[in-house]
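Worksheet: the structure to be examined is printed underneath.
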Amino acid sequence: MSLPANDLEEDEVMQDWSSIAKLANDSPLAALPRRGEKDYEPDGTDLQELLLYRARDAMYSTLEQGVRGAVVKSRVVAYYDPQSHSAVVPKPRGNFLQTMGESDAQGALWLEFFEFMYLAERGTVTPCWKRHDDNNDGDIPLSIEDMYALFKDQQEMDNFAIYSQLKRLGFIVQLASPALSLYPPGLAASSPVRTASNALHRVLSTVSHYRMTLFNGFMYNQWSWYVRRYTSSPQIYESLNKLIQCAAVPHTAHQLYNDYSPQDSSQSLNITFNVWKPNPAFKKKLPELPDFQVATYNKNSTQQSFPTYKELQAVFRSLDYKFSFLARDSDTEFWDNNTYIDGELRSAKLEALQSNPRNKGKAKASKPAPPAKKMKGKKKQRTVSPQVEQMRRPKNGYRSFLLAVMDNGIISFAKISEADFGSEDVWYKPAPGQKNNTAKPQRQTSKIAA
Amino acid sequence: MSVCITLVGGAGTILAPLVFDVEAIKKLRTLGICGILTGTLPSATQQNVFLSVPLRLMPEEAMWLYINGHAHFKALPGPTATAVERLLEEESEEICKAAEERLQQSFKLQREYKLEQHRKKLEQLGINQPSKEDHPDSARQSKETKLMEASLFIETPTMSTILTKINDKFGDEQAKIDRLLCILVAQFSNWDNYLLFQALKNEGYVLSPGARFGGKYIAYPGDPLRFHSHLVIRDALHYKNEPLDFLELAAGARLGTTVKKLWVIGAPTRESDAHDSAKTQDNVSFYSVEWAGFG
Amino acid sequence: MSKRTANALRYKYPLPVHPLVLPELIVHNPISWAVWLYQYVRQCNALAERISVTITPEGNAFPHIEVRDPTDMMYLWDNGFFGTGQLSRSEPTWFERKQLELSKDTVGGGKQLSLEQITRSRRQQRQEFKQQREKVEAELLALRQQGVITPEEESKVLEREREKLRAYRESHSSLKELPGDDTSLPDDIFDDEGNLRRLEALELLPVEALFLTYALPILDISPKELIDSIISSDDPAALDRLLMHYTAYHHYRSQGWCVRSGIKFGCDYILYKRGPPFQHAEFCVQVLDSEDSKPYTWYASTARVCGGASKTLILCYVTRNSSPEQTRRWAADGKLADVLSSMSVGEVVYRRWVPGRNRD
């Protein structure tokens, strides 16, 4: 049984530091040829010692030469403000502005702590301490070690590691916020009303539960088989599957609206980040709904346990992203009319932006990006047979989120989705031509009533 | 020569121990403590396979280093921001000056180096170095100087100078360190798992976090840069008191086949409290389960 | 007839209860109506004679639920793939295979190998391949120890040897029949007249047996009797567990899935769309109580094993809407309908997500 190559964990693919070392300047290891595979056990040979020595050397020199910082001309300073646990960049410039931070009225950029740390580690900003006294004799520069000591708790450190992991791969990551939502602004407020109607719903369903129990009691007993007749296998299935209730899984926007319940901090598991796929046309002030939402979990913490079903449901109810089962990713019209930014529809805001004469030039400039996306959308529009669709639906699920699991420094992700097997009937339906095949199978026994 | 590690306090927790000094990392590696690198590597910022300092240690690794005297610890009580503020109230001038000095020193070295390189290049090309008194070229020279100044590198240092000052003020009483490490193990692991770690370490294995392979640890017979990991070890099971579910046994054996490692159960046979056992190196029994007949 | 049509015919009915076969109804013809009605009333979906089941040993904590009659065994297998042959991989074919082996009137070539034979052959091949590989490794180690080789040379030698091993593997990939059986049996496999005894029974999972008596009228034991013989009265947790698992089993069966034991993959059940002979199973199911929380390692290891076998892991959470005591009381009274109406099922897909592969 062999896993496909790109499923291998980093551990199984050998870490070859000599290739990375080549990227660093003045590396004496640049001329090293690729080495073979790893060994299975120590064999005491000199050759093995040599290989190990070289491997370590490549790693150590890469680490030593990996100096963080910036050159004077492109230096951007960020000041850490201990009172708000965030950082301010008085003179912001650079590509990171496109996706990170928030500008204030004075044109300075405010960064969340993890954004500040990420940029400092990368060398994009120079970290300093913000001084409250107007004593301007100089900046107090911070070191990497200083910054790591500023984490308030382990969860914050873990969140930062997960943030960096995704950022390095090109994803756009921000804190989840109710300001960007699929749901109209009044919905959360109306939650007591909906809770009441849900409670009523539950009472009614208890009544129907009793009715169902009576029904089931009647249907599922010894004698029912002599009373009822089934003329097709699907009929048999259909009477069987009424017995057990299934959780209601929202498939449509309306159902989502009814089931939405914003998260509260008392929940054991919460969505921390909104994540977008790499997108050069990302508009920080007018973002689209995120492609994914991430909750973080430290598997070793004795204070946290893996969520129970109820806790998972609470997370599902609070999800607020571009649900893939509602519409295609490329269906910009649908999404623009269903995304609320600070209470206003995105489509409205886009229109306002375009009608603003100052922005007409900008709008034109940003147009080339969408066609590239549309092309990708077209590729995926290959129609698949209903059978394949049917297999895909339970596999992909409906509402889903990513669980980022931290294990003492190693991060793994799992996609947790709601599945709805109760709405898929999978019994075999013969092809139309075979419907009238009444031939008995060869191994016919005398069991079947003549 | 033991390695120095700072333990930072957070809100009700101890943060994971981090090592920033590359020399310390080298030393730890020779002891078989490899840790996990978690910082962005400046020379290759858009990938996650090769990362840089800081090195993050498991609670078990920190405890092992402490018990065996390979590392000494300093405690930094949280919240750190407050401690830094306080320090700055008193010593901001000094700190600023020291930082400025270091920067200027770094600039000086860089300038010298760049001029040297420039001179060598001109020599190679066979052009004579213009003398400094040539006036017509002073405009060009000042432009060159400006370019060079603009390209000087300002490093964000890895190691801290501020924290050491705070450390010195609060000291490193042994009793406190002992207690903090115990809290770390209790909050992010448990003593039975530590006993497992210790026993395997003493056999010469290098241990790494194993959750992505479905276990608590994975064990290498030597340095992970050179060897494959052979074993995936389950969370500790007490020898006498804890039962093992049969389905889990079957699943574990199957897991071993899937990830191509041996699935191992470690069972401390301790009679006394695990904490004390750790110091006296009590026995741990190991068992492995394999799916037979797979060939 | 091709294997496909043979399978389609043999496994025509997905359940052991067959729909009625009614004659064609010609609407305007009253005689046709009469014939049709007659058939409708006379036929019955239920089996004429129920299948008998033996539970051995009686009163034991882990009894086996067995179906011993050969025709019944095949009937249950062909109509929904229920149960597992105790001496076979899945389908109870021990008797036929043993007879074939003993009679020795056909030599391997030409005849299709049984699943069990294929497995044996593959294992043998793997053994041989491993021996070859070990030889190569020993040679390489010797080279190293002699100190005659540099790392660069070693990589080249390694690549060459790899190629050779690959070629070896390809040339030895045909499956062949191996002599002897893998299980050694006692001499008393023959009865007094020298005929081969039928030692194999079809063993049913408790949930399968419960399904075949409660949901479908197949077995000759009542649901209450069945539960009483497999669960001892002083183990209420076992009863809760059985009911929880039955809820999940019934749920998937009634949606049309063929549900079988998932022990090979370290999980509770696996779901086939039609059955084992058709396609590999798509899903692995782990059944959990909705209040349950397992350590993360449990989820990670199951997901890893399922993922390695190209299956999707489903966590099936069963929510109890009544108290456990109430449920047990109902079960004790044989009121399974009440028990099952008070349960509800919710599912979650748990899949490994790799960020690098989800960027576009």
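Residue numbering restarts at 1 for every chain, and letters A, B, ... go by the order of the sequence lines.
Shown here for R212(B) and S412(A), the closest heavy-atom pair between the two residues is CB-OG, 3.9 Å. Nearest heavy atom pair, residue L51(B) against residue L63(A), reads O-CD2, 3.8 Å. The two residues A81(B) and W129(A) have their closest heavy-atom pair at O-CH2, 3.9 Å. Scanning all heavy atoms of the two residues, the minimum distance from T45(B) to R168(A) falls at O-CG, 3.3 Å. Considering all non-hydrogen atoms of both residues, D407(A) and G210(B) come closest at OD2-N, 3.4 Å. Contact record, L15(B) with D153(A): CD2-C, 3.4 Å, taken as the closest heavy-atom pair.
For E155(B), the parts sitting under 4.5 Å from any heavy atom of chain A are the backbone and the side chain alike. Using a 4.5 Å cut-off between heavy atoms, Q304(A) makes no contact with chain B at all. Proximity to chain B is absent for every atom of A161(A), based on heavy atoms less than 4.5 angstrom apart. Heavy atoms closer than 4.5 Å to chain B are found in the side chain of R75(A), but not in its backbone. Within the 4.5 angstrom heavy-atom criterion, no atom of L103(B) approaches chain A. For chain A, the nearby part of T6(B) is the side chain; its heavy atoms alone come within less than 4.5 Å. With a 4.5 Å cut-off on non-hydrogen atoms, L55(B) does not touch chain A at all. Heavy atoms closer than 4.5 Å to chain B are found in the side chain of K299(A), but not in its backbone. Of the two parts of A186(B), only the backbone, made up of N, CA, C and O, holds a non-hydrogen atom closer than 4.5 Å to a non-hydrogen atom of chain A.
A salt bridge links R226(B) to D39(A): at least one charged side-chain nitrogen sits closer than 4.0 Å to a carboxylate oxygen. D158(A) has a carboxylate O that lies under 4.0 Å from a charged side-chain N of R56(B), or vice versa, which qualifies the two as a salt bridge.
Checked by atom type and distance alone, the side chain of E121(A) pairs as donor or acceptor with a backbone atom of T40(B) at under 3.5 Å. Between the side chain of T302(A) and the backbone N or O of Q187(B), at least one donor-acceptor pair lies under 3.5 Å.
Counting heavy atoms from C-beta outward, R68(A) and P157(B) have side chains that stay 4.5 Å or more apart. Counting heavy atoms from C-beta on, the side chains of T156(B) and S143(A) never come closer than 4.5 Å. Annotation: side chain of M59(A) is not in contact with side chain of F50(B) (no heavy-atom distance under 4.5 Å).
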Run the side chain to side chain contact (heavy atoms under 4.5 Å, CB included) check on Q46(B) and K167(A) step by step: do they pass? CA-CA 8 Å; Q46(B) 299 190 301; K167(A) 282 292 288 181; over 6 Å; no

Apply the test side chain to side chain contact (heavy atoms under 4.5 Å, CB included) to residues L163(B) and D146(A): give CA-CA distance (whole Å), side-chain angles for both, the deciding distance (0.1 Å), then the verdict. CA-CA 7 Å; L163(B) 292 182; D146(A) 293 322; 3.4 Å; yes

List the steps and the verdict of side chain to side chain contact (heavy atoms under 4.5 Å, CB included) for I144(A) and V53(B). CA-CA 9 Å; I144(A) 304 288; V53(B) 295; 6.0 Å; no

For the pair I162(B) and L142(A), evaluate side chain to side chain contact (heavy atoms under 4.5 Å, CB included) and give the outcome as yes or no after the intermediate values. CA-CA 8 Å; I162(B) 297 176; L142(A) 293 172; 4.2 Å; yes

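Counting heavy-atom pairs closer than 4.5 Å to chain B, the top-ranked of the candidates Y118(A), Y80(A), Y148(A), F151(A) is Y148(A). Of the listed residues A99(B), G204(B), S151(B), G222(B), the one with more heavy-atom pairs under 4.5 angstrom with chain A than any other is S151(B). Listed options R56(A), E41(A), K152(A) were ranked by heavy-atom pairs under 4.5 angstrom with chain B; first place goes to R56(A). When the candidates N190(B), T158(B), T13(B), V8(B) are compared by the number of heavy-atom contacts under 4.5 Å with chain A, T158(B) comes out ahead. By number of non-hydrogen pairs under 4.5 angstrom with chain A, the leading residue of R29(B), E89(B), E61(B) is R29(B). Heavy-atom pairs under 4.5 Å with chain A peak, among Q47(B), K26(B), E100(B), K216(B), at K26(B). Counting heavy-atom pairs under 4.5 Å between each of A149(A), P82(A), G66(A) and chain B puts A149(A) at the top. The candidate with the highest count of non-hydrogen atom pairs below 4.5 Å against chain A, out of P54(B), G9(B), P79(B), A98(B), is P54(B). Each of V71(A), L150(A), T126(A) has some count of heavy-atom pairs under 4.5 Å with chain B, and the biggest count is that of V71(A). Of all the listed residues (I95(B), L41(B), V84(B)), the one sharing the greatest number of non-hydrogen pairs under 4.5 Å with chain A is V84(B).
With a 6.0 Å radius and a threshold of 12 heavy atoms from other residues, nucleotides or ligands, Y205(B) has its OH atom at or below the threshold. Few gaps surround CZ on F153(B); more than 12 heavy atoms of other groups in view lie less than 6.0 Å from it.
Note that CZ of F188(B) is 9.0 Å distant from CG of N408(A), once rounded to the nearest 0.5 Å. Rounded to the nearest 0.5 Å, atoms CG (L52(A)) and CG (L225(B)) are 7.0 Å apart. A distance of 3.5 Å separates CD1 in I410(A) from CD1 in I36(B), rounded to the nearest 0.5 Å.
Within residues 17-25 of chain B, the residues that have a heavy atom under 4.5 Å from a heavy atom of chain A are L18(B), F20(B), V22(B), E23(B), listed by number.
Side-chain contact of S189(B) with N300(A): a donor-acceptor pair under 3.5 Å is absent, judged by distance alone. Defined by atom type and a distance below 3.5 Å, a donor-acceptor pair is missing between the side-chain atoms of E145(A) and S160(B).
In this structure Y297(A) satisfies the ring-ring contact (aromatic ring centres under 6.0 Å, His included) test together with F306(A), sequence neighbours excluded.
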